[in-house]
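Shown next, in structure tokens, is the structure this report addresses.
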Amino acid sequence: MARLSAGIATSHVPLMGVAIDQGKTEEDYFKPIFAGYEWTKDWIQKLENKPDVVILVYNDHASAFDMNLIPTFAIGCGEEFHPADEGWGPRPVPPIKNDPDFAWHLAQSLILDEFDMTIINQMDVDHGLTVPLSAMFGQPEEWPVKVVPLAVNVVTYPVPSGNRCWKLGEAIARAVESYPEDLNVQIWGTGGMSHQLQGPRAGLINQEWDRKFLDDLTANPERLRTIPHIEYLRETGSEGIEMVMWLIMRGALQGKVHELHRHYHVPASNTAVGHIVLENG
Ligand code: DHB
Ligand code: FE
């Protein structure tokens, strides 16, 4: 039987990808950003923790989708996905290898469970998916895990509510439980935390709000389910809504979790870098 062993959340700051690709992680600016991932990098390499498959909840930033096509929730079922060219060439990272049998099982289970997923066999994946992998695994020849990409629209209004995201997480947990193969599955919620990349409030970071979100993600996640979009917008800037993806991860875990590790640092590019590791059950 497949089991969902842990949930990980992390920011996907594109500058982190640049720093890794250009060998700058030891520089003064980047050192404290990457120091917070050392614990997780060690932990995830250990045989008992290493997932066979990661369900990687992320958002595309007009790389695979644009105003022509806006899936609210999409699942990648193809064999392989390549890094997108985001304007300066694709990142020099390995292709993402899926577990298509598992991905199609998830798609079937979620759709029959009344979540109308868009099924994607071909697309490129941008920093939203590749930066979290780099943060956790560094620069391997091949990614050491299979990855099921699960894309969420948090770019174009209307985006899904936090509560809807939570319920999708619960449906993902049911889907994992019903897969007969013996797989260690992790779910990652990526994106966030508070940031605004445009307009007069560009550069907004709300540390107090972010830290409370991290506290409640572990101990009081029920509060987070009902945070309205307008609060994300007001308190965390126009891009802080990426945090609803963390609620898919949290909804997939059983109510009680064990917080194994946490990292929060400001600044990382225009935002705060946040990261948390939660053991399931
Ligand atoms: C930045 C952060 C993001 O989440 C993103 O998608 C793009 C840019 C930034 O802080 O620069
Ligand atoms: Fe983003």
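From a predicted model like this one, the values you see are computed outputs, not experimental measurements. Start at 1 and go down the list; that is how both ligands and their atoms are numbered.
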Discussion item. Can you tell me how the ring of F34 sits relative to the ring of Y37, calling it parallel under 30°, perpendicular over 60° and tilted otherwise?
Written reply: tilted
Worksheet item: Ion pair present between R250 and D216, side-chain N to carboxylate O less than 4.0 angstrom?
Response: no
Practice prompt. State whether Y179 and R3 meet the cation-pi test: NZ (Lys) or CZ (Arg) under 6.0 Å from the six-membered ring centroid, and within 45° of the perpendicular axis.
Written response: no
Worksheet item: Under 4.0 Å between a Lys/Arg side-chain N and an Asp/Glu carboxylate O for E79 and K97?
Response: no
Worksheet entry | Side chains of S194 and E235, donor plus acceptor under 3.5 Å | no
Name the atoms and distances for all side-chain donor-acceptor pairs under 3.5 Å in residues 135-151, with sequence neighbours left out.
from, atom 1, to, atom 2, distance (Å)
Q139, NE2, I20, O, 3.2
W143, NE1, P94, O, 3.0

Item to complete: Could you pull out all residues at least two apart from R174 that satisfy salt bridge (Lys or Arg N to Asp or Glu O under 4.0 Å)?
Response: D113
Discussion item. So that I can tick it off, tell me whether R211 and E208 are bridged by a salt bridge, with the cut-off set at under 4.0 angstrom between side-chain N and carboxylate O.
Written reply: no
Item to complete: Anything with a heavy atom under 4.0 Å from ligand 1 counts, so go ahead and list those protein residues by chain and number.
Response: H12, P14, H61, H127, H195, L197, E242, S269, N270, T271
Discussion item. In terms of relative ring orientation, are H263 and H265 parallel, tilted or perpendicular, with 30° and 60° separating the classes?
Written reply: parallel
Worksheet item: How many protein N, O or S atoms sit closer than 2.8 Å to the Fe ion (ligand 2)?
Response: 3
